[in-house]
Amino acid sequence: MKRILIIEDEKSLVRFIQLELEHEHFYVRGAYDGNSGLQLALSEEWDLILLDIMLPGLNGVEVCRRIRTMKKTPVIMLTARDRLEDRVSGLDSGADDYIAKPFDIEELLARMRALFRRIEMADRQSHSILTFREVTIDMDARIVTRSGVPVELTKREFDLLAVFIKHPNLVQTRDMLLDLVWGYDSIVETNVVDVYVRYLRNKLDAPGEESIIQTVRGMGYVMR
């Protein structure tokens, strides 16, 4: 269940939004001034903050700015003023979106859904693209580049590189690599790991430079 914090001094509006969002299966909590809203925003974890600009105490722009120094919680600004300067100041303070009051609850829900989709897509992309030194690997597209130049790898070479780049600076024994890449019930010998590490080195290493995959004598290999 996603957690929503509403920071808005108009209590009837908070109650209206809360009832509508709870009907959509959100957990909702309200705060009615900038100071208490900022304290709640920083002391608990929220999936989204709905933040009014005109607040007693700290105004919404300052609340958003202070949140951004500590957290990346998504923020949608709520305001009765629809002037360009207010939209700009709200977005410049770190807000992710802006909606002018009065608004239809369906518009708010649509903006929330769109924001959550953008965040989820960004999270998936950041988790699927891994980089270590000059090597970048896109786990979803199964693309590898070194210094921006594509590197053609076989499926097994790609899977082996993925193990190394997911665990940089961690020594992997040959048995560990066999289990992770070939499967624990594989009947291949451990020296096949040496062969594939050599393949990777030939494709990834720059001439005259130390290999990105280093041998740890008596143990195995490590990417560092």
Side-chain angles (χ1 to χ4, degrees), residues 1-4 25-27 41-49 67-75 94 96 112-224:
M1 180 181 292
K2 290 188 182 299
R3 293 168 52 86
I4 313 297
H25 308 294
F26 293 101
Y27 170 84
L42 297 180
S43 63
E44 298 186 26
E45 295 301 318
W46 304 96
D47 294 290
L48 175 66
I49 297 173
I67 290 172
R68 280 292 167 264
T69 65
M70 304 288 291
K71 292 188 172 184
K72 297 181 179 179
T73 311
V75 174
D96 298 275
M112 290 171 60
R113 289 192 295 268
L115 181 54
F116 289 142
R117 283 197 300 271
R118 293 199 301 270
I119 293 169
E120 289 166 4
M121 288 176 64
D123 285 344
R124 286 199 298 269
Q125 184 176 27
S126 65
H127 290 151
S128 70
I129 299 178
L130 306 173
T131 299
F132 187 77
R133 288 171 52 180
E134 302 88 359
V135 177
T136 298
I137 178 171
D138 186 327
M139 297 297 297
D140 291 338
R142 296 185 73 83
I143 294 173
V144 176
T145 59
R146 173 163 180 149
S147 301
V149 179
V151 179
E152 294 295 330
L153 298 182
T154 67
K155 179 184 182 302
R156 197 74 72 183
E157 290 166 351
F158 182 95
D159 293 342
L160 181 60
L161 177 61
V163 172
F164 283 122
I165 207 166
K166 286 178 180 178
H167 307 285
N169 302 308
L170 178 66
V171 176
Q172 305 279 347
T173 68
R174 291 171 177 82
D175 286 334
M176 290 168 62
L177 292 169
L178 273 180
D179 288 348
L180 292 169
V181 178
W182 281 266
Y184 72 93
D185 57 350
S186 174
I187 60 173
V188 300
E189 300 293 334
T190 55
N191 63 358
V192 75
V193 173
D194 303 323
V195 173
Y196 275 85
V197 167
R198 185 167 69 250
Y199 292 160
L200 281 180
R201 285 171 170 168
N202 290 338
K203 294 183 177 182
L204 293 174
D205 291 346
E209 293 184 4
E210 184 178 39
S211 177
I212 196 168
I213 301 174
Q214 298 178 19
T215 302
V216 180
R217 192 174 299 276
M219 296 185 65
Y221 298 98
V222 62
M223 177 176 274
R224 60 185 173 203

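No experiment lies behind these values; they were computed from the predicted model shown. Because only heavy atoms are used, hydrogens play no part in the values below, and waters and symmetry mates are left out as well, while side chains stay in.
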Nearest 0.5 angstrom please: [X] [atom1] to [Y] [atom2], how far?
X      : Y      : atom1 : atom2 : result
Asp179 : Thr173 : CG    : OG1   : 8.0 Å
Thr136 : Ile165 : OG1   : CD1   : 6.5 Å
Leu161 : Leu153 : CG    : CG    : 6.5 Å
Met139 : Ile129 : CE    : CD1   : 11.5 Å
Tyr199 : Glu157 : OH    : CD    : 8.0 Å

Q. Does the side chain of Trp182 reach to within under 4.5 Å of the side chain of Asp159, using non-hydrogen atoms?
A.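 With C-beta onward as the side chain, the pair stays apart.
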Q. Does some side-chain heavy atom of Glu44 sit less than 4.5 Å from a side-chain heavy atom of Arg3?
A.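 Yes - at least one pair of side-chain heavy atoms lies under 4.5 Å apart.
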Q | Residue among His167, Gln172, Lys166 satisfying side-chain contact (heavy atoms from CB on, under 4.5 Å) with Leu180 | A |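 The passing option is Gln172.
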Q | Matching residue for Leu48 among Ile119, Leu115, Thr73 - test: side-chain contact (heavy atoms from CB on, under 4.5 Å) | A |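 Exactly one candidate clears the test, Leu115.
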Q. Stepwise, does the side-chain contact (heavy atoms from CB on, under 4.5 Å) test hold for Gln214 with Val197?
A. CA-CA 9 Å; Gln214 298 178 19; Val197 167; over 6 Å; no
Can you name the nearest heavy-atom pair linking [X] to [Y], along with the distance?
X      : Y      : value
Ile137 : Val144 : CG1-CG2, 4.0 Å
Leu204 : Val135 : CD2-CG2, 4.4 Å
Ser211 : Asp205 : OG-OD2, 2.7 Å
Leu160 : Tyr196 : CD2-CB, 3.7 Å
Phe116 : Asp47  : CE2-O, 3.6 Å
Leu42  : Ile67  : CD2-CA, 4.1 Å

Q: For the residue pair Trp46 and Tyr27, categorise the inter-ring angle as parallel (less than 30°), tilted (30 to 60°) or perpendicular (more than 60°).
A: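 Trp46 vs Tyr27 ring planes: parallel.
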Q. Do Arg133 and Glu210 meet the salt-bridge criterion of a basic N to acidic O distance under 4.0 Å?
A.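 Salt bridge between Glu210 and Arg133, a charged N being under 4.0 Å from a carboxylate O: no.
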Q. Below 4.0 angstrom, N of the basic side chain to O of the carboxylate: do Arg68 and Asp96 qualify?
A.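 Yes, charged N to carboxylate O under 4.0 Å.
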Q: Check step by step if side-chain contact (heavy atoms from CB on, under 4.5 Å) holds for Arg146 and Lys203.
A: CA-CA 9 Å; Arg146 173 163 180 149; Lys203 294 183 177 182; over 6 Å; no
Q | Worked check of side-chain contact (heavy atoms from CB on, under 4.5 Å) between Val216 and Arg224 | A | CA-CA 11 Å; Val216 180; Arg224 60 185 173 203; 4.2 Å; yes
(Q) Looking at Val193, is its backbone amide N or carbonyl O close enough to the side chain of Arg198 to form a donor-acceptor pair, meaning the two atoms are under 3.5 Å apart? (A)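 The answer is no, because no donor-acceptor pair under 3.5 Å joins these two groups.
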Q. Does Arg156 use its side chain to pair, donor to acceptor, with the backbone of Val181 at less than 3.5 Å?
A.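 Indeed, once roles are kept as given, a pair shorter than 3.5 Å links the two residues.
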Q: Check step by step if side-chain contact (heavy atoms from CB on, under 4.5 Å) holds for Glu45 and Lys71.
A: CA-CA 9 Å; Glu45 295 301 318; Lys71 292 188 172 184; 3.1 Å; yes
Q: For the residue pair Arg201 and Thr215, confirm or rule out a side-chain donor-acceptor distance under 3.5 Å.
A: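 Yes.
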